[in-house]
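Input: a single structure, listed below in structure tokens.
A, B, ... follow the sequence lines: proteins, then strands. Residue 1 opens every chain.
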Amino acid sequence: MSGREPRREDEGAKLHQKEELNRKIKEQKVVVDELSNLKKNRKVYKQQPNSNIFFLVDRTETLSECKNTLDDLKKAHQEIENSEKTKIRK
Amino acid sequence: MQAPGTASPLSAAQVGRLREEQGKVVTSCQEKIQHWRKVENDYEALQERLNTLPDKLSYDIMVPFGPLAFMPGKLVHTNEVTVLLGDNWFSKCSAKQAIGLVEHRKKHVRKALDDLQKVMKNFESRIEFTEDLQKMSDAAGDIVDIREEAENDGTETKGKRRTAHKPHSKPKVLDVFEVHFQENGMDTKSKGCSQSEEELWARLEELERREEMLGEFDRTPDTIEANGEDTTSSEEEKEDKTDLNVVHRVEDSTTQDNVQKEVTNSELFSGHVNGPSHYHSDDEDDLGVDHFVPTIFFSHTVEPKRVRINTGKNTTLKFSEKKEEAKRKRKNSNGNGHLVPELPNIKTPADIYRVFVDVVNGEYVPRKSILKSRSRENSVCSDTSESSAAEFDDRRGVLRSISYDEATYSDNSEGILEEEEEEGQEHLPKKLSTLSGTFEAFSGTVIEKEPLSPLIPHPSIAHPVLPTIPERKSEEVLSEASEETTKRISKFKAARMQQTN
């Protein structure tokens, strides 16, 4: 019984993490799509976290940044998937 | 593990509840950790931004215009940051300094996170333990609970003895015996035994009191003679205290000052008379009372009279009373004891005021005839000092010329003084200043009670003063303070008399 409870919690935490990751991946995908479809003369502003100020940023730079983060997120997601699979196999 | 007092200490419900509470703690810890992580992330983002902010001179930004609208703008002061220090206090600093501040705050956040992690781990381990316990209590096959019932009898009697013991607290010498007696009495196991012991106890008490009394008799005469006023004051205490228990008296006698110790011991005797009548040492107590009361009563009655007399307006009465009092004091061989402490106290006008004011509702209210009593009670030294400090320098030259006339006037004003205090206060400086003109070198001599006439510059005033001096001398032995005023008055009167003549 004592072993089961922490496992449940771990599972819950992992599930939560996974959901969060999926949400971020979706978000990032949208951002990348939007940025890649923008006209060249469009201005892109990025919000400073935890404030209401938007800083003007370079479109191409932001696009590449977003792609990178998307890749990272995908990797993390993949890792979680892999660990789950190995657990199931065990 | 824990026995909440029920028959089955490891009941499943209670263990489950414990487990629940521990789980709550863990979840709350997790929430807090999440919150702090978010704060830390915010700070990190801010730090990142501050790191790059001074890189450029200006930034194109969208300036928030209310919650929904934005305006294109420019950030120009890229190296100027106002940092909220807390409580709506801001400090202006550079980006680099702001980074330092952020780092400092991040440290704090990290510490909070670490603490929360520790708490969470602690409670997780507790949860494990509780679950193990639950398992054990569920499947209690080979596990036996071994318990021993604690016997509270010893502690209970102890506590009872102490509470009951307080009102009858005895000297420490008899503690052992006392304990025995009280225990028996409280336990009500052996009532007969306790009664016999009670008698024994009473006997011991009586013997002890006798011992104390014998010790007191030797000291008592000294007490009364030496104490003087102290005896009077302590006698009032004694009157109050006679209602109290004898035991308290004993404690008082041990705790009070050496001066009052004997007196309080005498209180002890009176307490014995008034208090417990079942004591067998009444005859001795009576002896003690007879021995003490007359003397104490004597000095006690003296005190209030004297005070009233001081405020009175009749000078002759005052004097006669003072003489009597002084005689009484001398009888008690207290002549020095009383006078010496009173006079040195008055060194400044403030002291005079303090001594001769009444306390009404916690406020100092000068007596009706404070000026007069003051002038009578205290030596001219204080008065002249007051006057010289206030007006002597200003009026000195003028007064020398006028003093003769003013002396007569001031004499009249003194008549007013006796009736109206406030008015008198206005007049007093005048009078005193006139005196100071005449008493210039005179203050010192007054203390010494030496003749004033040779020192007084004005012959017209000096002459009338002379005849008064012998009188004063005769009276001075009794109360030196009051003489000065009489001398003064007599002087003025004499001056006026001379003038009229």
Whether over 12 other heavy atoms sit under 6.0 Å from B/Arg110 CZ: yes

Distance (rounded to the nearest 0.5 Å) between B/Asp42 CG and A/Asn50 CG: 3.5 Å

Exceeds 12 heavy-atom contacts within 6.0 angstrom, atom CD of B/Gln34: no

A/Phe55, part contacting chain B, at a heavy-atom distance under 4.5 Å: both

Residue A/Lys18 excluded, over 12 heavy atoms near NZ under 6.0 Å: yes

Atom pair NZ/CZ of A/Lys46 and B/Arg49 - distance to nearest 0.5 Å: 7.5 Å

Point-to-point distance, once rounded to the nearest 0.5 Å, from CD of B/Glu48 to CD of A/Gln48: 8.5 Å

Residues, nucleotides or ligands: over 12 heavy atoms within 6.0 Å of B/Phe65 CZ: no

Name of the residue among B/Leu75, B/Ile61, B/Val63 meeting side-chain contact (heavy atoms from CB on, under 4.5 Å) with A/Ile53: B/Ile61

More than 12 heavy atoms from other groups under 6.0 Å of CD on A/Glu34: no

